[in-house]
Amino acid sequence: MTLHRIAVIGAGTMGSGIAQTCAAAGHTLLLIDINEQVLSRGLQTVQKNLDRQVEKGTFTHAQASETLQRIHTSTHYTNLNGMDMVIEAATEDLALKRKILQQIDAHARLDCLIASNTSSLSITELAASIKHPERFMGIHFFNPVPIMGLVELIRGLQTSDTTCFIAQALVEQLGKTAIHSQNRPGFIVNRILIPMINEAIFVLQENGDAQAIDASMRLGCNQPIGPLALADLIGLDTVLAILESLQTGFGDPKYRAAPLLREFVAAGFLGKKSGRGFYVYG
């Protein structure tokens, strides 16, 4: 099966990034969200990303214009009936994702592949939300999607070999590297990364110097970005959701979220997307 027409549900940071990446690779892209205002913000994000790539010389003006023209928007799931693949890219909330998947299932063709961009939730459990779960799997992109080279592919118990093969072919066609992971909470990257970020937040509770913590990890471990700045980029609400998924999935107290993280999320200090996290953003 060749994928020509791809839909992405969710026009946030991840959804708009996936939409841009697929459209840049030549796919006709349908971006769906709850209202026109959210969709407009998503397209603005794509435009800004493309402008930066033109400035850097990695894209021409013509390529950027063609990419944007391939992205269409809608607030209606009924438009999914012509899609070859649908990628759900909503926030990391199990109930919300299951509701969205049921809506996708009600409107997509029976041979349409369905995937979730979840960063930690069970693919087997999500697959149970749709009929013919053999056509469902996890395709976990990383932020910023147009730049990051890795995609985690996760199959549930129900996922067919054909679905896996097509998903891997798509990832390779997008110019990215596919790594297969077992269906375990956090998969590979976040199972290692998020506890490290959480430990950095525990350290912040003790000494209160975010810049010192991040500088220590950059200079001492050669990380390109410190764990607290990275948490702000990911979104502190997303970091908290992944930690809770890890703790629930493994039943291990080592994944308990730092109280300071919970406090920041409760205050609405979610990182770059809200203008304030462990750092303040303009």
Side-chain angles (χ1 to χ4, degrees), residues 10-18 38 41-42 44-46 48-49 52 89-94 96-97 117-121 140-150 152 185-250 252-282:
T13 300
M14 295 304 296
S16 61
I18 296 168
V38 176
R41 286 201 300 266
Q44 288 172 12
T45 299
V46 173
K48 290 177 182 177
N49 290 340
R52 278 196 292 268
T91 54
E92 201 70 354
D93 180 287
L94 178 62
L96 174 62
K97 286 182 179 292
N117 184 56
T118 180
S119 54
S120 64
L121 299 174
H140 180 213
F141 292 85
F142 290 82
N143 186 32
V145 178
I147 296 173
M148 300 298 282
L150 176 68
E152 288 181 322
F187 314 130
I188 296 174
V189 173
N190 281 332
R191 185 173 175 182
I192 298 169
L193 175 64
I194 298 301
M196 183 198 72
I197 290 175
N198 193 44
E199 193 63 28
I201 301 171
F202 274 114
V203 175
L204 181 63
Q205 289 180 177
E206 298 167 9
N207 70 22
D209 192 337
Q211 291 186 351
I213 294 167
D214 278 354
S216 296
M217 296 304 291
R218 290 198 314 270
L219 301 175
C221 297
N222 204 30
Q223 293 185 355
I225 183 173
L228 299 176
L230 180 56
D232 278 354
L233 180 62
I234 295 170
L236 303 191
D237 52 340
T238 301
V239 172
L240 178 58
I242 296 171
L243 279 166
E244 290 177 337
S245 178
L246 288 168
Q247 187 169 21
T248 300
F250 290 113
D252 193 328
K254 74 178 181 181
Y255 297 113
R256 72 195 186 286
L260 184 61
L261 173 61
R262 293 190 180 279
E263 190 171 8
F264 269 59
V265 172
F269 301 159
L270 306 181
K272 290 194 75 172
K273 62 185 175 184
S274 69
R276 179 175 177 181
F278 297 121
Y279 297 93
V280 177
Y281 302 88

Spacing of [X] atom [atom1] and [Y] atom [atom2] [to the nearest 0.5 Å]:
X	Y	atom1	atom2	result
L204	L261	CG	CG	10.5 Å
M196	L230	CE	CG	6.5 Å
I242	I234	CD1	CD1	6.5 Å
K97	L121	NZ	CG	6.5 Å
N49	S16	CG	OG	6.5 Å
L94	S245	CG	OG	8.5 Å

Partners of [X] by side-chain hydrogen bond (donor to acceptor under 3.5 Å, both in side chains), sequence neighbours excluded?
X	value
R218	none
Y279	D214
S119	E92

For a 4.5 angstrom cut-off between non-hydrogen side-chain atoms, does T91 reach T238?
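Of all side-chain heavy-atom pairs linking T238 with T91, none is under 4.5 Å.
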What's the verdict on side chain to side chain contact (heavy atoms under 4.5 Å, CB included) for N117 and H140, showing C-alpha distance, side-chain angles and the deciding distance?
CA-CA 5 Å; N117 184 56; H140 180 213; 4.0 Å; yes
Can you give me the closest heavy-atom contact between [X] and [Y], atom names plus distance?
X	Y	answer
L96	A90	CD2-CB, 4.1 Å
I18	A89	CD1-CB, 4.2 Å
G271	L236	N-CG, 4.3 Å
P185	L246	O-CD2, 3.3 Å

For [X], check side chain to side chain contact (heavy atoms under 4.5 Å, CB included) against everything at least two apart and list the hits.
X	result
M148	F142, P144
V38	A11, D33, I34, N35, R41
T13	N143
N207	V203, D209, I213

Yes or no on side chain to side chain contact (heavy atoms under 4.5 Å, CB included) for T118 and F187, after CA distance, side-chain angles and deciding distance?
CA-CA 10 Å; T118 180; F187 314 130; 4.1 Å; yes
Holding to salt bridge (Lys or Arg N to Asp or Glu O under 4.0 Å), I want the full list of residues that pass it with R262, two or more places apart in sequence or in another chain.
E244
How would you list, by chain and number, every residue that makes a salt bridge (Lys or Arg N to Asp or Glu O under 4.0 Å) with D237, sequence neighbours excluded?
K273
What pairs with F202 under ring pair (Phe, Tyr, Trp, His ring centres under 6.0 Å), at least two apart in sequence or on another chain?
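Expected list: none.
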Listed partners of F278 passing ring pair (Phe, Tyr, Trp, His ring centres under 6.0 Å), at least two apart
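Residues passing ring pair (Phe, Tyr, Trp, His ring centres under 6.0 Å) with F278: F264.
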Does any pair with a residue in residues 185-205 pass side chain to side chain donor-acceptor pair (under 3.5 Å), and if so which ones, sequence neighbours excluded?
none
